[in-house]
Structures are given as structure tokens and as C-alpha cells.
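Quick note on labels: first sequence line is chain A, next is B, and so on, each numbered from 1.
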2 protein chains.
Amino acid sequence: MIPNQPFRPAPVSARDKLLEAGVYLVRKQGFSATSVDQLCARAGVTKGAFFHHFESKEALGVALAQYWSASTGAFFASAPFHHLPDPLDRVLGYIDLRIALLAGPVESFSCVAGTMVQEAFLTSDPIRAACQASIMGNAAALEQDLAAALARSGAKGVTAASLARHVQAVLQGTFILAKTEGGESAAETAREELGHLRRYFEILLKPLN
Amino acid sequence: MIPNQPFRPAPVSARDKLLEAGVYLVRKQGFSATSVDQLCARAGVTKGAFFHHFESKEALGVALAQYWSASTGAFFASAPFHHLPDPLDRVLGYIDLRIALLAGPVESFSCVAGTMVQEAFLTSDPIRAACQASIMGNAAALEQDLAAALARSGAKGVTAASLARHVQAVLQGTFILAKTEGGESAAETAREELGHLRRYFEILLKPLN
DNA sequence: AACAACATACCGACCGGTTGGTATGTTGAC
DNA sequence: GTCAACATACCAACCGGTCGGTATGTTGTT
């Protein structure tokens with residue numbers, strides 16, 4: 001979810017540099033395989049600085065999920081599709097933006113929270129909860145538009161909340177399939193994949209009249 | 001993907017015991033966080049046995065993906081939905097089976113290959129490739145039925161291969177969302193989530209006449 | 001304006017334990 | 001006697017985390 005640098009300010013404090021290093025390294029290697037020393041080296045700070053700002057590696061994981069959530073949340077909140085008059089257009093606008101973001105190597109568009117929760121859901125409840133908040137926060141931002149689009153459509157037996165979850169599930173699954181493929185071609189396959197999500201919503205939420 | 005014991009024979013050789021321990025531990029903790037010592041302890045064998053059968057931890061990862069692929073492949077190949085006359089019913093039968101398998105704690109229905117590739121896609125190409133083979137093998141098994149159902153429908157602009165990929169993406173994404181939720185309730189939410197996949201296929205692949 | 005008291009940010013050597021991996025047996029089937 | 005299938009003992013590198021210390025504010029008192 002969400003590309004790299006241009007959307008986040010250059011980190012200045014040691015804390016921000018460590019979180020930015022966390023985004024980079026967790027995307028590439030996952031959380032467990034990323035050591036505190038690696039984070040410090042990448043951030044250009046010492047171990048003393050690390051444990052001054054975070055009481056443990058786990059605490060950095062939690063902060064990283066929150067940092068990620070705040071960055072992506074702000075980015076999507078400021079996207080122009082919100083100004084479209086039709087709620088369905090706004091939903092499709094979100095999906096189109098997600099499709100447009102799928103470019104470059106996998107580690108530049110994958111989701112930090114989705115990667116972390118995979119490894120930590122049983123071993124660290126704080127990290128699990130922080131990742132849940134991150135992903136479900138993204139879903140919640142879509143829910144109002146989905147509810148409005150749903151009301152105008154003839155669809156039965158589906159809730160806006162469930163549809164919002166579905167968007168996130170397809171995104172996360174797309175990232176995993178992109179990881180199995182690897183390389184630059186993964187982005188194109190991933191874009192095609194999200195086309196199915198778009199099509200489902202087009203058909204399901206088509207206005208009645 | 002695929003539940004625990006009842007579908008796999010009880011392991012006898014040290015190699016199989018280690019692979020079975022791998023399924024268990026990787027699902028719970030991921031690949032990096034699982035140590036060789038833990039695998040040996042769980043399997044009830046010594047380190048000597050481990051490195052007798054696998055030349056490295058990475059080699060076990062590759063073998064684990066293959067073992068997983070073989071187990072799940074055999075299970076789905078023997079499922080009764082294959083005998084349904086209508087190809088769309090076979091596709092929906094597969095999805096219904098996947099829905100039925102979503103029960104118990106997350107680590108009892110999540111996918112070993114999907115978990116491993118997340119951590120290893122950049123750091124170990126052999127593991128990445130083995131996980132790709134596992135997941136795409138599952139997709140390939142669906143492709144014929146999807147092609148047949150597609151031919152009877154009026155759907156345009158979609159390929160059977162792309163739809164098969166979509167099934168796997170939604171499954172993998174569903175597992176990740178279940179991990180964020182945690183606990184026993186995750187299975188129910190996951191079943192509801194797969195309902196969207198079913199609905200998409202019902203609508204999209206509805207026969208013309 | 002001067003100064004003590006305290007807070008914040010950071011450094012890097014060091015610790016005990018764990019890591020993946022190796023070298024060298026032992027044992028039992030053919 | 002040979003060889004696969006293990007077991008035991010061990011190693012160097014690395015792990016997350018601690019600790020004593022320093023430099024640079026900030027703040028309240030007089």
C-alpha cells in the first residue's frame with residue numbers, strides 16, 4: 001500500500017529515520033528477519049538511539065504500523081477522487097488509484113502492516129492489533145462511499161463493511177501473488193488482478209435506474 | 001489452505017516429521033522466526049537428523065513448499081465437486097469447499113506457501129519459486145473448469161488464467177485479514193469474505209441462456 | 001543574570017543466549 | 001563391511017537488550 005518517498009517527508013529525527021528504515025527493511029525482508037542492528041545501520045543511528053526511542057523491537061513494530069497507517073491514511077484522504085459527485089465513482093476512483101500505485105518492484109508498493117501481521121499475529125498481540133487498526137482504518141475510510149453506492153444499487157445481502165473488507169483482502173492477496181511472481185513484471189499482473197475487484201464493484205453496485 | 005492432520009498421514013520418517021513440524025511452526029510464527037532447533041524439538045529429532053535430510057534451513061523451506069503443494073493438491077483433486085456436470089458448479093463447489101475449510105484458529109487454515117513467500121520473496125529465490133509453484137499449481141487446477149464456464153457465459157475481457165489467479169489472491173488476502181482479527185471469530189469473518197468471491201463468479205459466469 | 005537541577009537525545013562497548021551450521025561418532029539393516 | 005539414518009558435541013557469528021557515560025537543552029529559583 002502506497003509508494004515510497006515522495007509522499008512522506010524526509011525523516012529528520014532519529015525516531016523518524018528508524019521508522020523509515022523499518023518501512024524499507026520490513027517490506028524487503030519481513031519483521032523477524034530484520035535485526036535492530038540493520039535498522040540502526042540503515043537509519044544511520046546507533047543502538048543507543050534505538051532503545052532510547054523504542055523500549056523493544058516489538059515496540060518499534062507497533063510504532064511502525066501506526067506510522068504506516070498515518071502516512072497512507074493522509075495520502076488517501078488527500079486524493080482527488082473524493083470530490084467526485086457519485087459515490088460509486090468515488091469507490092472506483094479509489095480502486096483506480098490503487099491500480100495506478102502498482103508500479104516498480106514489489107517492495108515499493110506492498111503493505112507494511114500486511115507483511116508484519118503475517119509473522120506476528122500469534123507471537124505479538126500489540127503488533128497484531130496495530131496492524132489490524134492500520135488495515136481496518138483504510139477500510140473504514142471507504143465505508144461511507146460504499147454505503148451510499150449500495151443504497152443506490154439493487155444489491156442485496158451485502159453490507160458496506162463487508163465490501164470494505166473485501167477491498168482490503170483483495171489488495172493484500174494481490175501483494176502476495178506479486179511476491180510469488182517477483183521482479184518488475186509483478187506490478188502489471190497485480191494491476192490486472194485488481195481489475196477483477198473493479199469489475200465486481202461495477203456490476204454489483206450499478207445504480208438501479 | 002487446507003486443514004491440519006486428518007488429511008495428511010501421520011509422519012513416520014524424520015524427514016516427514018520435520019516437514020510436518022514446519023507446517024505447524026511456519027503457520028504460527030513464519031519462516032524466519034522458526035529456528036532449526038524449534039523444528040527439531042517439535043519433530044522429536046536431533047539437529048544431526050535435520051542436516052542429514054536438508055542441507056540448509058533454506059532447503060527445508062523449499063521442501064516444505066513442495067510438501068505443502070503435494071498435500072493440498074492431492075486433497076483438492078480428490079474432492080467430490082469434480083463430479084458435478086456443470087463447470088460453473090465445479091468452480092462454485094471449489095469455493096464452497098474453501099469456505100467450509102475455514103474453521104478453528106487461523107493457523108489451522110492459513111497457507112504455508114503464502115506465509116513463506118511473504119518473508120522470502122527477495123532473500124531466497126528458491127523459496128520464492130517453490131511457493132509460486134505451490135500457489136499457481138492450485139490455480140492451474142481450476143483453470144479448465146473456469147475456461148469452460150467462461151465459454152458458456154457472456155463475460156468479456158477476462159481470461160480463465162486471470163480468474164484462477166483471482167481466486168488465489170482473494171484466498172491469500174482473506175488469510176491476512178483473518179490474522180489481523182485473530183481468535184476463533186476470524187474464521188467466520190473469513191467465510192463471509194469468501195462469499196464475495198462466490199458472488200462475483202456467480203454473476204460474471206452466469207450462463208447466457 | 002547566574003546557576004543548580006533536571007530532561008532529552010544520543011553514543012558504543014558489552015552481555016548472555018540463540019542462531020545456522022559442522023565434525024565426529026553410533027547403530028542397525030542388508 | 002558398507003552405507004543410510006540418525007545422535008552428540010561443539011563453534012563462530014549474530015541476536016535483542018543493557019549500561020555507564022556525554023552533550024545539549026530547559027526550567028525554576030534567587
Side-chain angles (χ1 to χ4, degrees), chain A residues 9-26 28-65 67 115-116 119-120 122-128 130, chain B residues 9-26 28-65 67 112 115-116 119-128 130:
Chain A
V12 278
S13 70
R15 192 188 137 95
D16 283 351
K17 280 193 233 167
L18 283 165
L19 290 170
E20 206 54 50
V23 170
Y24 178 83
L25 289 169
V26 167
K28 281 203 161 190
Q29 317 173 338
F31 183 74
S32 308
T34 297
S35 73
V36 174
D37 281 331
Q38 282 179 313
L39 287 162
C40 293
R42 169 89 194 168
V45 303
T46 60
K47 226 165 179 177
F50 183 100
F51 285 101
H52 172 72
H53 290 288
F54 306 102
E55 74 167 15
S56 64
K57 190 192 171 188
E58 182 186 41
L60 171 119
V62 173
L64 184 56
Y67 175 74
T115 303
M116 270 202 295
E119 301 174 68
L122 268 181
T123 46
S124 167
D125 208 59
I127 292 183
R128 196 221 89 240
Chain B
V12 278
S13 69
R15 192 188 137 94
D16 283 351
K17 281 193 232 167
L18 283 165
L19 290 170
E20 206 53 52
V23 170
Y24 178 83
L25 289 169
V26 167
K28 282 204 160 190
Q29 318 173 337
F31 183 73
S32 308
T34 297
S35 71
V36 174
D37 281 332
Q38 282 180 314
L39 288 162
C40 293
R42 169 91 195 166
V45 303
T46 60
K47 231 164 174 178
F50 183 100
F51 285 101
H52 173 72
H53 289 289
F54 306 102
E55 74 167 16
S56 65
K57 190 190 170 189
E58 183 186 40
L60 170 118
V62 172
L64 184 55
Y67 174 74
V112 172
T115 302
M116 270 203 294
E119 302 174 65
F121 77 107
L122 268 181
T123 46
S124 167
D125 208 61
I127 292 183
R128 196 221 89 241

What distance separates [X] [atom1] from [Y] [atom2], expressed to the nearest 0.5 Å?
{"X": "B:Gln38", "Y": "B:Lys28", "atom1": "CD", "atom2": "NZ", "value": "11.0 Å"}
{"X": "A:Arg42", "Y": "A:Thr34", "atom1": "CZ", "atom2": "OG1", "value": "11.5 Å"}
{"X": "B:Leu64", "Y": "B:Met116", "atom1": "CG", "atom2": "CE", "value": "4.0 Å"}

Rounded to whole Å, please give me the gap between [atom1] in [X] and [atom2] in [N].
{"X": "A:Asp16", "N": "C:dC10", "atom1": "CG", "atom2": "P", "answer": "10 Å"}
{"X": "B:Leu18", "N": "C:dG20", "atom1": "CG", "atom2": "C1'", "answer": "15 Å"}
{"X": "A:Leu39", "N": "D:dC14", "atom1": "CG", "atom2": "C1'", "answer": "15 Å"}
{"X": "B:Arg15", "N": "D:dA7", "atom1": "CZ", "atom2": "C1'", "answer": "20 Å"}
{"X": "B:Leu25", "N": "C:dG20", "atom1": "CG", "atom2": "C1'", "answer": "16 Å"}
{"X": "A:Asp37", "N": "C:dG12", "atom1": "CG", "atom2": "C1'", "answer": "11 Å"}
{"X": "B:Gln38", "N": "C:dG17", "atom1": "CD", "atom2": "P", "answer": "18 Å"}

For A:Ala33 and B:Ser32, which heavy atoms make the closest approach, and how far apart are they?
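The answer is CB-OG, 3.6 Å.
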Taking the side chain as C-beta and beyond, is there a heavy-atom pair between A:Arg128 and A:Asp125 under 4.5 Å?
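Yes. Closest side-chain heavy atoms under 4.5 Å.
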Pairwise side-chain contact, A:Phe31 with A:Ile127, heavy-atom cut-off 4.5 Å (strictly under)
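Yes - at least one pair of side-chain heavy atoms lies under 4.5 Å apart.
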Could you tell me whether B:Thr34 contacts a base, only the sugar-phosphate backbone, or nothing, with contacts defined as non-hydrogen atoms closer than 4.0 Å?
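Sugar-phosphate only.
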Which part of the nucleic acid does A:Ser35 contact within heavy-atom distance under 4.0 Å: base, sugar-phosphate only, or nothing?
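Contact class for A:Ser35: sugar-phosphate only.
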Residues in side-chain contact (heavy atoms from CB on, under 4.5 Å) with A:Phe50, at least two apart?
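With neighbours one apart ignored, the set is A:Leu18, A:Val36, A:Leu39, A:Cys40, A:Phe54, A:Leu60.
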Measure from the side chain of B:Ala49, starting at C-beta and using heavy atoms only, and say which of C:dC11, D:dC6, D:dC15 lies closest.
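The listed nucleotide nearest to B:Ala49's side chain is D:dC6.
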For A:Arg15, what residues pass the side chain to side chain donor-acceptor pair (under 3.5 Å) criterion, not counting sequence neighbours?
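In terms of side chain to side chain donor-acceptor pair (under 3.5 Å), with neighbours along the sequence ignored, A:Arg15 is linked to no residue.
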Which ones in residues 119-126 of chain B lie close to DNA chain C, meaning a heavy atom under 4.0 Å from one of its atoms?
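None - not one residue of the stretch has a heavy atom sitting under 4.0 Å from the strand.
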DNA chain D contacts made by residues 50-59 of chain A, counting heavy atoms under 4.0 Å
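When residues 50-59 of chain A is checked for heavy atoms under 4.0 Å from DNA chain D, the hits, listed by number, are A:Phe51, A:Ser56, A:Lys57.
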Scan for side chain to side chain donor-acceptor pair (under 3.5 Å) pairs involving residues 44-61 of chain A, sequence neighbours excluded, and state none if there are none.
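Every side chain to side chain donor-acceptor pair (under 3.5 Å) pair that includes a residue of residues 44-61 of chain A, provided the two are not neighbours, is A:Asp37-A:Lys47, A:Glu58-A:Ser124.
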Show the distances under 3.5 angstrom between N or O atoms of the protein and N or O atoms of nucleotides 9-13 of chain D.
none

